[in-house]
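Sharing a structure, written as structure tokens. Questions coming.
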Amino acid sequence: MKLDQLENWQRTKKCEEVSTQDVGTEQIVMGWVNTRRDHGGVIFCDLRDYSGIVQIVFGQQHEEKAFLKADSVRTEYVLAVRGIVAKRDPETINPKMKTGAIEIHVLELRLLNNCKMLPFQIGDEHQDISEKNRLKYRILDLRRASMQKNLMMRSKAAQVIRDFFYRNQFFEIETPVLTKSTPEGARDFLVPSRVNSGRFFALPQSPQLFKQMLMVSGYDRYFQIVKCFRDEDLRGNRQPEFTQIDIELSFTNQDQILDLIEAMMANLFKETIGFEIPLPIPRMTYQEAMDGYGSDAPDLRFGLKLIDLSSTVANCKFKVFGDAIKNGGVVKAIRVPGGNSFSRKDLDDLTDFVRIYRAKGMAYVKIREEGWQSPITKFFSEEEIRQINEVTGATVGDLILFGADTEKIVNDSLGNLRKEVAQRTGLIKEDEFNFVWVTEFPLFEFDEEEKRFSSSHHPFTMPNESDLDQWENEDPARIKSEAYDLVLNGVELGGGSIRIHRKDLQERIFKLLSIKDEEAQAKFGFFLDALEQGAPPHGGLALGFDRIMMFLSNAKSIRDVIAFPKTQQASCLLTEAPSEVDTTQLKELGLAIRKPKLS
RNA sequence: GGGGUUGUAGUUAAGAUUGGUUAUAACGCCGGCCUGUCAAGCCGGAGGCCGCGGGUUCAAGUCCCGUCAACCCCGCCA
């Protein structure tokens with residue numbers, strides 16, 4: 001089949017821009033054949049480009065040469081057509097199409113490229129394609145309208161974000177991608193250096209230290225939309241390389257930062273999807289979040305709050321509860337209004353569900369007219385039952401679900417259980433955007449494996465100074481920090497902190513983290529120097545751009561807002577990366593592959 | 001590292017409880033007919049390593065074991 005040259009043709013309209021106003025004019029449109037309907041004497045094609053679809057008509061009465069040529073046209077061929085825009089007869093208007101009132105009568109067809117049979121149909125939104133095929137044939141997947149919509153929305157969002165920061169006197173400054181490995185946080189992706197054999201760069205987990213050093217250099221306000229890399233296992237909303245909106249400000253405090261970011265988010269949601277975020281975004285402390293929701297990223301679209309019953313049941317005869325508390329754990333409960341209707345199977349399912357989070361079981365009580373209906377009723381005195389009813393606020397028809405274990409397990413299991421119950425009972429309004437700031441994170445968490453403290457946020461986070469003075473030697477776990485997270489519908493969008501800008505403070509923190517002076521000097525010497533070279537007070541945060549895009553695009557997977565994502569096994573089905581490399585490449589780098597043991 | 005779901009024409013699925021003739025459908029593809037369709041229609045046709053490997057059996061898409069891949073989750077990760 002002979003293909004045509006584009007020659008000097010220029011597009012005059014995008015497909016979906018052709019309208020009734022153009023009737024009678026000659027236009028040139030270009031795109032892909034979405035569908036083809038051959039009626040013998042007349043051939044209809046829906047021509048598609050990124051803007052949408054317009055119907056082009058090949059008929060003998062319009063131009064015989066084009067009509068004959070159109071006989072060989074097939075789905076996904078690439079065409080350029082010149083034709084007259086015509087009004088459709090009233091009975092042939094298609095109200096489902098934006099361009100359904102008009103069509104283009106083709107005078108000249110240029111066949112720019114053909115297309116072999118594809119693994120799946122581009123225009124067919126009625127058939128779900130498996131994730132495997134979508135990723136393997138990503139080019140075709142990205143040609144589909146839903147993916148184009150998502151990626152165009154992403155482009156728009158990036159533009160809106162940049163506009164906002166430029167308006168607010170921020171500078172967009174690039175930071176290195178080849179940088180230094182740091183011991184804290186996630187596993188690094190390493191890049192061997194050829195010039196410095198035996199040494200490695202690391203890809204940045206975030207540009208954290210660079211943006212702080214830019215503050216020391218006096219750039220005042222920095223932002224960057226930047227790729228970050230973490231070599232950890234993937235999830236539905238986690239990719240090994242992802243994009244952050246990275247922000248840092250000098251001479252600022254937490255309130256200023258939160259106010260600014262709220263304004264940025266409100267602007268973003270308004271300009272992209274027309275949603276007005278009610279400001280200010282409510283704030284809650286880490287402690288309130290953990291106590292009431294069992295999570296530092298609480299979903300506030302529904303109630304089902306966790307209620308602490310530890311003191312109420314401390315002396316009850318039910319061994320599971322009593323032992324949990326004796327061993328330093330807690331007993332908490334969720335009251336499910338109307339949960340009386342849960343079947344035995346529902347409750348078994350929920351019990352299995354909490355086991356995922358290492359709960360050993362789940363006690364439950366149905367509140368009936370005649371009193372408690374539950375396998376554990378017999379362990380409780382009337383007074384205890386009265387107290388539990390009172391503390392939980394349970395009334396007839398309700399269900400109470402209990403968790404008893406260490407605080408971590410109870411919070412994990414009940415925190416997820418409340419989401420599960422809300423999901424099952426239709427309590428979650430899917431179209432709601434419920435933002436919350438979580439503040440006053442603990443500075444450290446205790447690493448049980450390594451028997452030492454590690455940073456909750458990162459080691460450069462400003463501690464609450466009076467907490468530090470008070471608990472430094474007694475109980476560092478009680479030191480709070482000036483760190484904060486932004487949470488939307490139970491999903492952490494990002495977080496940040498006020499940073500340490502004084503060396504003496506930074507050294508005290510390293511000491512608490514059991515990082516020795518020499519080690520600190522080797523890993524962060526350049527940064528500790530910066531703190532002695534006139535570092536201003538500063539702070540900032542980073543937001544997960546991909547996660548934000550999931551909300552703006554209503555996407556279920558992070559892969560649907562990233563053009564070329566990785567699979568859960570961290571591979572790219574399109575390019576088949578990662579791949580083996582030539583031995584000469586390895587040699588140059590001074591590397592050898594250790595053969596996996598054959599077993 | 002662990003738990004779960006899935007894997008059958010190009011695609012999406014049925015067939016798996018109860019092993020048994022030529023593995024079924026829709027869409028797509030190819031050919032023909034058709035001047036108003038728009039998920040076009042009608043007629044005809046091609047298309048299969050039932051993920052892969054092993055086992056049980058007279059006989060396996062179906063039962064058993066292993067393995068690979070995609071997805072969801074725990075651990076991990078801000």
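Quick caveat, the model's predicted, so the values are computed rather than measured. Below, chain A is the first sequence line, B the second, and so on; all start at residue 1. What you see below is based on every heavy atom in this structure, not just the backbone, and it leaves out hydrogens, waters and symmetry mates.
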Atom pair distance, as rounded to whole Å: CD1 in A/Ile409 and C1' in B/C74
12 Å

Residues in residues 57-66 of chain A with a heavy atom under 4.0 Å of RNA chain B, by number, are A/Gln60, A/Gln61

Rounding to the closest angstrom, what is the interatomic distance between B/G54 and B/A60 at atom P?
13 Å

Within the 4.0 Å heavy-atom criterion, would you say A/Ser456 contacts the bases, only the backbone, or no part of the nucleic acid?
base

Qualifying residue for side-chain hydrogen bond (donor to acceptor under 3.5 Å, both in side chains) with A/Thr175, from A/Lys211, A/Gln224, A/Gln208:
A/Gln224

Under 5.5 Å between ring centres and under 30° between planes: true for A/His39 and the base of B/G36?
no

When we call it a touch if two heavy atoms are under 4.0 Å apart, what does A/Ser571 touch: a base, just sugar-phosphate, or nothing?
sugar-phosphate

Provide, to the nearest angstrom, the distance between the CG atom belonging to A/Asn34 and the C1' atom belonging to B/A40.
14 Å

Of the non-hydrogen atoms in A/Ala202 and A/Leu190, which two are nearest, and what is the gap between them?
CB-CD2, 4.1 Å

Within the structure shown, what part of the strands sits under 4.0 Å from A/Arg559 by heavy-atom distance: base, sugar-phosphate, or nothing?
sugar-phosphate

A/Arg235 side chain, from C-beta outward: closest of B/U35, B/C76, B/A70
B/C76

Which whole number of Å gives the distance between the C1' atom of B/G47 and that of B/C63?
30 Å

Can you spot which of A/Arg138, A/Lys556, A/Lys136, A/Arg559 makes a salt bridge (Lys or Arg N to Asp or Glu O under 4.0 Å) with A/Glu131?
A/Arg559

Ranking A/Arg230 and A/Asp89 by the position along RNA chain B of their nearest nucleotide, the one closer to 5' is A/Asp89

Taking the P atom in each of B/A69 and B/C64, what is the distance between them to the nearest angstrom?
23 Å

Residue whose closest nucleotide on RNA chain B lies nearer the 5' end, A/Thr92 versus A/Lys556:
A/Thr92

Identify which nucleotide among B/A39, B/G31, B/A78 has an atom closest to any side-chain atom of A/Arg74, counting heavy atoms from C-beta outward.
B/G31

Starting at NZ of A/Lys136 and ending at C1' of B/G7, how long is that distance when rounded to a whole Å?
14 Å

Does A/Asp38 use its side chain to pair, donor to acceptor, with the backbone of A/Gly40 at less than 3.5 Å?
yes

How far does the C1' atom of B/U24 sit from the matching atom of B/A16, given to the nearest Å?
15 Å

When the ring planes of A/Phe453 and A/Phe446 are compared, do they come out parallel, tilted or perpendicular, using 30° and 60° as the limits?
perpendicular

Can you tell me how far C1' in B/G53 sits from the matching atom in B/A40, rounded to whole Å?
47 Å

Would a distance-only check, ignoring hydrogens and angles, find a side-chain to backbone donor-acceptor pair under 3.5 Å from A/Ser413 to A/Tyr357?
no

Contact class for A/Gly185 (heavy atom, under 4.0 Å): base, sugar-phosphate, or nothing?
sugar-phosphate

A/Arg36, A/Arg48, A/Lys116 screened by salt bridge (Lys or Arg N to Asp or Glu O under 4.0 Å) with A/Glu76, the one that passes:
A/Arg48

Side-chain N,O (A/Gln568) to OP1/OP2 (B/C72) below 4.0 Å
yes

Here the distance between atom C1' of B/C71 and atom CD1 of A/Ile558, to the nearest Å, is 15 Å

Which label fits A/Phe527 and A/Phe460: parallel for a plane angle under 30°, tilted from 30 to 60°, or perpendicular past 60°?
perpendicular

A/Asp46 side chain to A/Thr35 main-chain N or O, any donor-acceptor pair under 3.5 Å?
no

Heavy atoms only, 4.0 Å cut-off, all strands: where does A/His458 land among base, sugar-phosphate and nothing?
nothing

Which value, in whole Å, describes the distance between the P atoms of nucleotides B/A39 and B/G75?
47 Å

Below the 4.0 Å mark, does B/C74 have OP1 or OP2 next to a side-chain nitrogen or oxygen of A/Ser413?
no

Please give, in whole Å, the distance from B/A78 C1' to A/Ile548 CD1?
14 Å

Whole angstroms only, please: what is the NZ-C1' distance between A/Lys132 and B/U5?
13 Å

To the nearest Å, give me how far apart CG (A/Asp352) and P (B/C74) are.
16 Å

Considering only the P atoms, how many Å lie between B/G15 and B/C74, rounded to the nearest integer?
31 Å

Suppose we call two aromatic rings close when their centres sit under 6.0 Å apart. Are A/Phe510 and A/Phe524 close by that rule?
yes

Taking only Lys NZ, Arg NE, NH1 and NH2, and the carboxylate oxygens of Asp or Glu, determine whether A/Arg452 and A/Glu445 approach each other closer than 4.0 Å.
no

What does A/Asn94 touch in the nucleic acid at a heavy-atom separation under 4.0 angstrom: a base, only the sugar-phosphate, or nothing?
base

Atom pairs, protein N/O to nucleotides 10-17 of chain B N/O, distance under 3.5 Å:
residue, atom, partner, partner atom, Å
B/G10, O2', A/Pro119, O, 2.8
B/U11, O4', A/Pro119, O, 2.9
B/U11, O2', A/Gln127, NE2, 3.0
B/U11, O2, A/Gln127, NE2, 3.3
B/U12, OP1, A/Ser130, N, 2.8
B/U12, OP1, A/Ser130, OG, 2.9
B/U12, OP1, A/Asn133, ND2, 3.4

What does A/Gly236 touch in the nucleic acid at a heavy-atom separation under 4.0 angstrom: a base, only the sugar-phosphate, or nothing?
sugar-phosphate

Hey, is CG on A/Asn113 packed in by over 12 heavy atoms from elsewhere, all under 6.0 Å?
yes

Just checking A/Glu103: base, sugar-phosphate only, or nothing, at a heavy-atom cut-off of under 4.0 Å?
base

Over all strands shown, is A/Asn237 touching base, sugar-phosphate only, or nothing at heavy-atom distances under 4.0 angstrom?
nothing

With respect to the side chain of A/Gln55, which nucleotide from B/G36, B/C71, B/C73 is positioned closest?
B/G36

Can you tell me which nucleotide in B/G75, B/C76, B/G36 comes closest to the side chain of A/Glu232?
B/C76

With a 3.5 Å cut-off and just heavy-atom distances, do the side chain of A/Arg355 and the base of B/G3 make a donor-acceptor pair?
no

Of all the nucleotides listed (B/G75, B/A39, B/A78), which has the minimum atom distance to the side chain of A/Arg238?
B/G75

To the nearest Å, give me how far apart CZ (A/Arg48) and C1' (B/A39) are.
15 Å

In Å and rounded to the nearest 0.5 Å, what is the CG to SG distance from A/Asp246 to A/Cys228?
6.5 Å

Give me the distance, rounded to whole Å, that separates B/G51 from B/G61 when you measure between the C1' atoms they each carry.
12 Å

Ignoring backbone atoms, test whether A/Arg37 places a side-chain nitrogen or oxygen under 4.0 Å from the OP1 or OP2 oxygen of B/A40.
yes

